[in-house]
Every structure is written in C-alpha cells, then in structure tokens.
Amino acid sequence: MKTVEDYMHMPYRMEIVEDREEGGFVISFPDLPGCITCGETIESAVANAEDAKRAWLEAALEEGIAIEEPDDIKNYSGQFKLRIPRSLHRLLAEHSKKEGISMNQYCVYLLSRNDAAYYK
C-alpha cells in the first residue's frame with residue numbers, strides 16, 4: 001500500500017487558471033477530483049496546491065478512497081492518423097507552403113492555437 005509521501009512524489013498534472021473576476025489563481029489536479037485551491041499570486045497558489053494535495057491524499061487514504069495515479073506521458077506516441085477531404089488537404093498544403101513549413105508543423109500550429117483558445 002502506498003503512503004502519502006509515495007503519492008506526493010508522483011507527477012500529478014496541475015492546472016492553473018487565472019481568476020479574472022476575483023483576482024488570483026485557481027489550481028486543481030485533474031486526477032484528484034475535488035482537489036482545488038487558490039492564491040493571490042502563482043507562487044502562493046502553487047504553495048497552497050502542495051498543501052491541498054497532501055490534505056486530499058491523507059483524507060482519501062483515511063477514508064479508503066481509491067487514489068488514481070497520474071497518467072504517464074510515455075503512454076502517448078505523439079502520432080495519430082486522420083483522413084480528411086482532398087480539398088482540405090490541398091488547402092493545408094498550400095497554406096503550409098506559403099508559411100515555409102511542413103504540413104505537419106502547420107497542422108500542429110493550428111491544433112495548438114485552437115486548443116489554447118478553447119481553454120481561455
């Protein structure tokens with residue numbers, strides 16, 4: 001059985017969101033449901049996050065709640081195949097050529113730009 005210290009050393013993903021209404025930053029751990037905290041600065045929020053994570057883990061162990069281990073990035077290859085219409089393929093090829101980059105680089109740029117916009 002793992003201890004609190006075992007779990008504290010695992011690389012749990014931390015999500016930091018700026019609270020534009022009230023100020024400061026909110027931090028949560030997606031793999032630890034309900035483990036959330038905040039702080040006026042990023043530094044204070046991160047410090048509070050470590051305390052919140054420890055308290056969450058201690059409570060889960062005391063209550064016998066199953067603790068999910070963090071997802072390992074090594075489980076992802078960085079590749080996926082996608083079938084698209086020929087017309088879209090042509091447009092992507094033309095735009096990437098115009099930018100002077102490969103179509104793969106251009107598609108990664110588009111995906112990351114859209115993903116960043118989604119999380120705003």
Side-chain angles (χ1 to χ4, degrees):
M1 182 170 192
K2 290 185 173 68
T3 66
V4 169
E5 291 308 316
D6 293 329
Y7 286 110
M8 288 296 292
H9 288 91
M10 291 182 181
Y12 283 98
R13 184 168 51 97
M14 181 187 297
E15 289 187 351
I16 304 172
V17 177
E18 183 177 5
D19 186 342
R20 293 178 188 225
E21 290 180 19
E22 306 221 359
F25 297 86
V26 177
I27 295 183
S28 64
F29 295 90
D31 293 325
L32 305 174
C35 185
I36 187 169
T37 191
C38 61
E40 290 184 24
T41 64
I42 289 180
E43 294 80 11
S44 65
V46 169
N48 292 343
E50 287 301 304
D51 292 339
K53 181 169 72 168
R54 179 176 298 281
W56 190 98
L57 292 166
E58 288 171 350
L61 286 172
E62 284 177 19
E63 297 294 321
I65 297 171
I67 301 172
E68 186 175 326
E69 293 188 12
D71 197 7
D72 190 346
I73 195 146
K74 293 176 186 172
N75 294 334
Y76 301 92
S77 69
Q79 298 181 27
F80 70 96
K81 295 182 182 188
L82 179 66
R83 297 218 180 266
I84 59 175
R86 291 175 191 245
S87 59
L88 178 57
H89 189 174
R90 180 180 65 208
L91 287 172
L92 291 170
E94 289 171 354
H95 291 164
S96 62
K97 184 177 181 180
K98 184 177 178 182
E99 293 294 326
I101 58 177
S102 73
M103 194 169 74
N104 279 345
Q105 288 174 313
Y106 186 65
C107 289
V108 167
Y109 161 74
L110 292 173
L111 287 167
S112 63
R113 193 171 118 201
N114 188 51
D115 191 56
Y118 176 77
Y119 282 105
K120 281 188 178 180

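Source: prediction; values computed, not measured. All residue numbers in this chain count up from 1 along the given sequence.
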Do Asp71 and Arg13 come within less than 4.5 Å of each other through their side chains, counting heavy atoms only?
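Contact flag for Asp71/Arg13 side chains = no.
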Who else is in the cluster with Ile36 when I, L, V, M, F, W and Y are joined by side-chain contacts under 4.5 Å?
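Its cluster partners, ordered by chain and number, are Val26.
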List the atom pairs, with distances to 0.1 Å, where a side-chain N or O of residues 42-56 and a protein N or O form a donor-acceptor pair under 3.5 Å, not counting sequence neighbours.
| residue | atom | partner | partner atom | Å |
| --- | --- | --- | --- | --- |
| Ser44 | OG | Glu40 | N | 3.2 |
| Ser44 | OG | Thr41 | N | 3.1 |
| Ser44 | OG | Thr41 | O | 3.0 |
| Ser44 | OG | Thr41 | OG1 | 3.1 |
| Asn48 | ND2 | Cys38 | O | 2.7 |
| Asn48 | ND2 | Ser44 | O | 3.3 |
| Arg54 | NH1 | Glu5 | OE2 | 2.5 |
| Arg54 | NH2 | Glu5 | OE2 | 3.2 |
| Trp56 | NE1 | Pro33 | O | 2.9 |

Give the minimum heavy-atom separation between [X] and [Y], together with the two atoms involved.
X	Y	value
Tyr106	Glu99	CE1-CG, 4.2 Å
Met103	Leu92	SD-CB, 3.8 Å
Glu68	Leu32	O-CD2, 4.3 Å

Lys97: partners by side-chain hydrogen bond (donor to acceptor under 3.5 Å, both in side chains), with sequence neighbours left out:
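Once residues adjacent in sequence are excluded, Lys97 has no partner under the side-chain hydrogen bond (donor to acceptor under 3.5 Å, both in side chains) criterion.
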Counterpart residues, side-chain hydrogen bond (donor to acceptor under 3.5 Å, both in side chains), relative to Asp31 (two or more places apart)
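Once residues adjacent in sequence are excluded, Asp31 has no partner under the side-chain hydrogen bond (donor to acceptor under 3.5 Å, both in side chains) criterion.
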Applying side-chain contact (heavy atoms from CB on, under 4.5 Å), can you list everything that pairs with Ile65, at least two apart in sequence or on another chain?
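Once residues adjacent in sequence are excluded, the partners of Ile65 under the side-chain contact (heavy atoms from CB on, under 4.5 Å) criterion are Ala60, Glu63.
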Contacts of type salt bridge (charged side-chain N to carboxylate O under 4.0 Å, His left out), residue Glu69, not counting sequence neighbours:
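For Glu69 the salt bridge (charged side-chain N to carboxylate O under 4.0 Å, His left out) partners, ignoring immediate neighbours, are Lys2.
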Got a list of side-chain donor-acceptor pairs under 3.5 Å for residues 77-91, not counting sequence neighbours?
| residue | atom | partner | partner atom | Å |
| --- | --- | --- | --- | --- |
| Ser77 | OG | Gln79 | N | 3.1 |
| Ser77 | OG | Gln79 | O | 3.4 |

Would you please classify the geometry between the Tyr12 ring and the Phe29 ring as parallel, tilted or perpendicular, with 30° and 60° separating the classes?
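The arrangement is perpendicular - the two ring planes meet at more than 60°.
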